[in-house]
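To start, the structure itself, in structure tokens.
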Amino acid sequence: MTKAQISEYEQQRLETIRQNRELLLSLNLVGENAINVFEEGATTRKIVLHNTKKRRPSAKAKQDSDDDAEEWRGDQIRTRRSTTTEPARRSKRLRGESAEPTTAAEEHVIETGDISAVLAPAETHFSEVVIKSAIRVSGHYSGWVEPETMARLGLSSNATEAWESQGGGKFSFKDPLGTGKKLSKRTVPSGQSMAKYVASKLLKKNPNAYFYRHTEPGVEQWTGDWTNEERDIFLTVAKEFGCGDKWGLFSTYIPHRVGYQCSNYYRQYVIPSGWIIDENYRIDSAGGAIYVGTHKRGGR
């Protein structure tokens, strides 16, 4: 049977299954043999897979690497799919060993893409001592800009007031400033991403967007490891207002850090350490935090 004889639906289904297998393998969530199931008596499936083309990152994506590098690494750390097979991850069949059978849960994940079945909730992953002392959140931040920062910068007291007092308008991705005009890339300074440029214009109109990528004017942004003091502030704010979205607003309580740094720290350290239990996350076999919630992660 040739590729032309396979229905478009079947081609799409097989490609989805292949991508899910690679994702599971890269996350250590499925046995090494799972990626090789196609090789036994599935000639037509090989044809589809071998003709699948992958897109390369656009030139614009590469240009944004400087000012958004840390954000990009954090966002990709748990979602990047493996495109090469490392020697240490060769299948048992290729090493001459008997492969363990794929479990029913793994097969369900491969077919549907729903990885929640093979991820552990915090209650079963962490010890009773950790669970007892952890802060519990619903994945949402209920606060606003840190009061002293708000007063110092003359910011409005809530999101609606801030937006309307600065001209209002309808937000869209083509018109993120709400001016009624499409934003031209030619207005963006050389070497700066569109996202960071737009955020820089929204300090008083949309503080959440501004602080997601910028510190308070005149305040240096720190990079690198977080201090114990910063960790304690993070947990204190999370306990009072919750956390999981609107990271720009959240970050105003932590001097020298911006929203995307808080978001990355949350996923890479806070959740995996058991300091906070967020119902939107599960823990994988490597101890990493995997998002399984339904609300958009991009909430800023």
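- Between Arg213 and Val258, the closest side-chain pair of non-hydrogen atoms is not below 4.5 Å.
- At a threshold of 4.0 Å, the pair Glu123-Lys132 does not count as salt-bridged, since none of the basic side-chain nitrogens sits closer than that to a carboxylate oxygen.
- Side-chain atoms of Lys204 never come within 3.5 Å of backbone atoms of Gln166 as a donor-acceptor pair (strictly under, hydrogens ignored).
- The aromatic ring centres of Trp247 and Tyr212 sit 6.0 Å or more apart.
- For Phe241, the CZ atom counts as densely surrounded, since its 6.0 Å shell holds more than 12 non-hydrogen atoms of other residues, nucleotides or ligands.
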Exercise. Please walk me through it: do Thr236 and Asp232 pass side-chain hydrogen bond (donor to acceptor under 3.5 Å, both in side chains)?
Worked result: CA-CA 6 Å; Thr236 298; Asp232 292 343; over 6 Å; no

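- The closest donor-acceptor contact from the side chain of Ser156 to the backbone of Asn158 lies at 3.5 Å or more, if one exists at all.
- Residues Ala199 and Ala209 approach most closely at CB-O, 3.4 Å, considering heavy atoms.
- For Thr124 (side chain) and Ala120 (main-chain N/O), no donor-acceptor pair under 3.5 Å exists by modelled atom type.
- Test Asn206, Leu177, Thr187 against Lys201 for side chain to side chain contact (heavy atoms under 4.5 Å, CB included) and you get one pass: Leu177.
- Distance alone, capped at 3.5 Å, places no donor-acceptor pair between the His256 side chain and the Thr215 backbone.
- Looking at every heavy atom in both residues, Ser273 comes nearest to Val130 through O-CG1, 4.2 Å.
- For the pair Gln261 (side chain) and Trp222 (backbone), a donor-acceptor distance under 3.5 Å is present.
- Here the shortest heavy-atom pairing between Tyr197 and Pro189 reads CD1-CD, 3.4 Å.
- Each side-chain hydrogen bond (donor to acceptor under 3.5 Å, both in side chains) pair with one or both residues in residues 144-154, not counting sequence neighbours, appears once here: Glu146-Thr149, Thr149-Arg152, Arg152-Glu216.
- Put simply, the side chain of Ser133 gets close to the backbone of Val129: a donor and an acceptor are under 3.5 Å apart.
- A donor-acceptor contact shorter than 3.5 Å links the side chain of Lys205 to the backbone of Gly168.
- Listed by chain and number, the residues in a side chain to side chain contact (heavy atoms under 4.5 Å, CB included) with Pro255 amount to none (sequence neighbours excluded).
- The side-chain heavy atoms of Ser200 and His214, taken from C-beta on, include a pair separated by under 4.5 Å.
- Residues Tyr269 and Asn264 are not in side-chain contact: their nearest non-hydrogen atoms beyond the backbone lie 4.5 Å or more apart.
- Contact of the Tyr266 side chain with the Trp275 side chain is not registered, since no non-hydrogen atoms from C-beta on lie closer than 4.5 Å.
- Residues Tyr265 and Val270 form a side-chain contact, since some pair of their non-hydrogen atoms from C-beta on lies under 4.5 Å apart.
- No donor-acceptor pair under 3.5 Å is formed between the side chain of Arg282 and the backbone N or O of Val292.
- Of all non-hydrogen atoms in Ser138 and Asp278, the two that sit nearest each other are C-OD1, 4.1 Å.
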